[in-house]
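The structure appears right after this line, and notes come after that.
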Amino acid sequence: MRLLKESTATNLDEFYKELCECQQDAHGEDYIAVHAEIAMLLSECESYTEFGIMQGTTLAVPFLVGTKTIRAYDIDLSRFNKFKHFFAHDDFEVYETDTANCTIDPVDLLYIDSCHMAKHLRKELNHHADKVNKYIVLHDTSHKPELYDTAVQFCTSNPDWMIKTRSTVNVGYTT
């Protein structure tokens, strides 16, 4: 992952554009395809939780579309803290913790882009799915096929859940 070292942005919209350009330069134009999926799903949601926020590229999406409640979790907030001043919102909280073991509030959309290991994802899904009202979106499910396999296994074992979308563009994502 290529990180943004410093920013010339004066607001979240400009910062988001800088981050997207940085990621697209490093990984290709379609790397951020999951953002459009999240924005579309958020039109049906009031709350959003993200695991694995890094610098906040994907986290900016619910801010920019006006999501009512936003929560973010990462094992290490040092990369985010440098830019957290861009993320002002009435109902936003950020936590530095292990996403496989933390407690989350009920949420409409959970986005998981944390550890990228099947065992960790399995723990996250088993521990948090009962708190999710509508959607779980997973990033990097083509780049790491074992993550997609974990999602399929989870849905097979939990018939209330099903695969809605699977994108294999670039690193892929699964809803």
Side-chain angles (χ1 to χ4, degrees), residues 1-24 31-116 120-121 123-140 151 160-161 164-165 167 171 173-175:
M1 171 62 63
R2 189 170 143 211
L3 297 176
L4 189 66
K5 301 284 187 211
E6 46 190 69
S7 174
T8 60
T10 60
N11 58 49
L12 182 60
D13 189 52
E14 291 174 5
F15 180 64
Y16 174 69
K17 288 176 183 169
E18 284 180 346
L19 285 171
C20 287
E21 287 174 11
C22 181
Q23 290 184 348
Q24 289 173 316
Y31 182 77
I32 61 168
V34 69
H35 297 193
E37 173 82 352
I38 290 170
M40 189 249 332
L41 295 172
L42 282 172
S43 69
E44 304 171 25
C45 300
E46 291 189 9
S47 56
Y48 174 87
T49 294
E50 181 168 323
F51 291 168
I53 62 175
M54 190 66 79
Q55 289 184 295
T57 313
T58 310
L59 182 61
V61 174
F63 283 82
L64 295 171
V65 301
T67 304
K68 182 178 175 182
T69 302
I70 303 168
R71 303 289 182 259
Y73 298 77
D74 203 302
I75 194 94
D76 177 5
L77 291 175
S78 63
R79 296 169 302 262
F80 175 75
N81 285 337
K82 183 176 180 179
F83 303 108
K84 70 181 174 184
H85 61 281
F86 289 115
F87 294 85
H89 188 281
D90 289 339
D91 195 358
F92 170 59
E93 294 179 26
V94 62
Y95 304 93
E96 188 170 64
T97 188
D98 177 0
T99 56
N101 299 308
C102 65
T103 301
I104 66 169
D105 293 331
V107 64
D108 291 332
L109 193 162
L110 172 62
Y111 175 61
I112 301 177
D113 189 15
S114 55
C115 187
H116 296 93
H120 189 83
L121 176 58
K123 284 182 183 178
E124 289 172 322
L125 291 171
N126 288 328
H127 188 63
H128 300 295
D130 66 332
K131 295 285 188 159
V132 181
N133 301 321
K134 295 183 180 183
Y135 303 105
I136 299 172
V137 179
L138 311 173
H139 196 232
D140 294 319
D160 289 342
W161 290 96
K164 176 182 176 4
T165 306
S167 173
V171 296
Y173 64 86
T174 300
T175 303

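Along the sequence shown, residues carry numbers from 1.
Lys164 places a side-chain heavy atom less than 4.5 Å from the side chain of Leu41. Within the 4.5 Å cutoff, side-chain heavy atoms of Phe80 are placed close to those of Leu59. A 4.5 Å side-chain heavy-atom check between Glu37 and Thr165 finds at least one atom pair inside the cut-off. The side-chain heavy atoms of Ile136 and Trp161, taken from C-beta on, include a pair separated by under 4.5 Å. In this structure the side chain of Phe87 never reaches within 4.5 angstrom of the side chain of Ile70, judged on heavy atoms. Between Tyr135 and Ile38 the shortest side-chain heavy-atom distance does not fall below 4.5 Å.
Atoms CG and CZ, on Asn11 and Phe86 in that order, are 7.5 Å from each other to the nearest 0.5 Å. The line from CG of Leu125 to CD1 of Ile112 is 5.0 Å long, rounded to the nearest 0.5 Å. Atom CD of Gln23 sits about 7.5 Å away from atom CD1 of Ile32, to the nearest 0.5 Å. A distance of 13.5 Å separates OH of Tyr173 from CG of Asp113, quoted to the nearest 0.5 Å. Note that CD1 of Ile75 and CZ of Phe51 are 11.5 Å apart. Values are rounded to the nearest 0.5 Å. Taking CD1 from Ile104 and CG from Leu110, the interatomic distance works out to 5.5 Å, rounded to the nearest 0.5 Å.
When atom types are taken as modelled, the side chain of Thr175 and the backbone of Val137 share no donor-acceptor pair closer than 3.5 angstrom. Side-chain atoms of Asp108 come within 3.5 Å of backbone N or O of Glu46 as a donor-acceptor pair. Using modelled atom types, one side-chain atom of Asp74 and one backbone atom of Met54 make a donor-acceptor pair closer than 3.5 Å.
Annotation for Thr58 and Pro62: closest pair O-CD, 3.4 Å, computed over non-hydrogen atoms. Counting all heavy atoms, side chain and backbone alike, Glu96 lies closest to Leu77 at OE2-N, 2.7 Å. Listed here is the closest heavy atom pair of Val107 and Ser47: CA-OG, 3.3 Å. A pairwise comparison of heavy atoms in Asp98 and His120 identifies OD1-CE1, 3.2 Å as the closest pair. The shortest heavy-atom contact between Glu18 and Ala9 is OE2-N, 3.3 Å. Between Cys20 and Thr57, the shortest heavy-atom distance links the atoms SG-CG2, 4.0 Å.
Counting heavy-atom neighbours within 6.0 Å of Lys123 NZ, excluding the residue itself, gives a total of 12 or less. Lys68 NZ: 12 or fewer foreign heavy atoms inside a 6.0 Å radius. Few gaps surround CG on Asp105; more than 12 heavy atoms of other groups in view lie less than 6.0 Å from it.
With sequence neighbours left out, the salt bridge (Lys or Arg N to Asp or Glu O under 4.0 Å) criterion links Asp130 to no other residue. Take Glu93 and apply the side chain to side chain donor-acceptor pair (under 3.5 Å) test, not counting sequence neighbours, and it matches Tyr95. Every side chain to side chain donor-acceptor pair (under 3.5 Å) that Tyr16 has, sequence neighbours left out, goes to His35. Under the side chain to side chain donor-acceptor pair (under 3.5 Å) criterion, Thr174 pairs with Thr141, not counting sequence neighbours. For the side chain to side chain donor-acceptor pair (under 3.5 Å) test, residues two or more places apart in sequence or in another chain that qualify with Glu50 are Tyr48.
Note on Asp91 versus Arg71: salt bridge recorded, some NZ/NE/NH1/NH2 to OD/OE distance being below 4.0 Å.
The salt bridge (charged side-chain N to carboxylate O under 4.0 Å, His left out) contacts involving residues 3-14 comprise Asp13-Lys17, where partners must be two or more places apart or lie in separate chains.
Between the side chains of Glu124 and Ser114, at least one donor N or O sits under 3.5 Å from an acceptor N or O. Between the side chains of His127 and Thr99, no donor-acceptor pair is found at a separation under 3.5 Å.
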